[in-house]
Amino acid sequence: MAAKLIVLDHPLVACHLTTLRDKHTPPSEFRQTIDRLATLLAFSATQDLATADAPIETPIQKMVGRRLLNRIGMIPILRAGIGMVDALLNMIPTAEVWHLGVYRDEATAQPIRYYDKLPAGAPVDVAFVLDPMLATGGSAILAGQMLQDWGVKKIKMLSIISAPEGIARMQEALPNVEIHTCAVDRGLNELKFIVPGLGDAGDRIFNTTG
Ligand code: PRP
């Protein structure tokens, strides 16, 4: 069975996405908008997190609240995924952040792995892979495979915009990885860029468009 695909259908998502796609949006506003959309993706992707009883005392009386039960990992794919980390950490302050360096070769569009420090020890229980863009799916699949090799049982991909080609590849290669995205665009152009897309998220976040 193909992995679950959750596309956020919400007016706030649609409006923030418009800001993100607009080529006139400056890097500071682009970063802020990535942060807002990543927060909304976090809300979607965390709905089934397990919780345990947490006995507390309010100023009025004792009660039993909830606390997160599992070890949660944020896995930003460098560079652009870094732009989504703060939003997720804001929601789950106890999460661990494990960076993966993967860039897409400009000529071949193949993912090239250049950094990872995943520990040899016990894996996190749930991993959220963070990357604003899922284009051919190569980078996300590589990240997902690295996390599976680490032993992570539950992996979720959080992508702000996605191409149908990348989603299909990912669903085939990693049928257990849930995909949460704000938009599924028309497709990829001859350079394997998402159309209509938003350009290069990493360059727009870090103001390196030249
Ligand atoms: C972009 C993007 C994804 C990848 C998506 O990164 O942030 O990581 O390409 O493409 P794919 O689905 O075809 O693999 P890029 O290689 O431009 O690196 P950067 O984040 O350092 O800019």
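Just follow the structure's listing: the first ligand is 1, and inside any ligand the first atom is 1.
Nearest heavy atoms, Ile6 versus Glu178: CD1-CG, 3.8 Å. Nearest heavy atoms, Leu188 versus Thr136: CD1-CG2, 3.9 Å.
Polar contact check, Tyr114 against ligand 1: no nitrogen or oxygen pair lies under 3.5 Å apart. Checking only distances, Ser139 does come within under 3.5 Å of ligand 1, N or O to N or O. The distance criterion of under 3.5 Å between nitrogen or oxygen atoms is not met by Val102 with respect to ligand 1. Below 3.5 Å of separation, one finds no N or O of Ala140 facing any N or O of ligand 1. Some N or O of Ala80 is nearer than 3.5 Å to an N or O of ligand 1, by distance alone. At least one N or O atom of Arg104, backbone or side chain, sits closer than 3.5 Å to an N or O atom of ligand 1.
For the side-chain contact (heavy atoms from CB on, under 4.5 Å) test with Ser162, the passing option among Val7, Thr181, Asp185 is Thr181; the others fail.
Salt bridge Arg79/Asp131: absent, no basic N to carboxylate O contact under 4.0 Å.
Taking every non-hydrogen atom of Gly137 and a distance limit under 4.0 Å, the qualifying atoms of ligand 1 come out as 11 (P), 12 (O), 13 (O). Heavy-atom proximity to Asp200, at under 4.0 Å, picks out these atoms of ligand 1: 17 (O), 22 (O). Each of the atoms 3 (C), 5 (C) of ligand 1 lies under 4.0 Å from some heavy atom of Met133.
Ring pair Trp150/Trp98 is perpendicular by interplanar angle, where above 60° counts as perpendicular and below 30° as parallel.
A distance-only check finds no donor-acceptor pair linking the side chain of Arg204 to the backbone of Phe30 [under 3.5 Å]. A distance-only check finds no donor-acceptor pair linking the side chain of Thr46 to the backbone of Leu49 [under 3.5 Å].
With a 4.0 Å cut-off on non-hydrogen atoms, Thr136 touches ligand 1 through its backbone as well as its side chain.
Evaluated by nearest non-hydrogen atom to atom 8 (O) of ligand 1, the leading choice among Val129, Asp131, Leu134 is Asp131.
No hydrogens or angles considered: nothing links the side chains of Thr19 and Asp22 as a donor-acceptor pair under 3.5 Å.
Protein heavy atoms come within 4.0 Å of atom 20 (O) of ligand 1.
A cation-pi geometry, defined here as NZ or CZ lying under 6.0 Å from the six-membered ring centre and within 45° of its normal, holds between Arg104 and Phe193.
Considering only non-hydrogen protein atoms, atom 22 (O) of ligand 1 sits nearest to Arg79 NH2, 2.9 Å.
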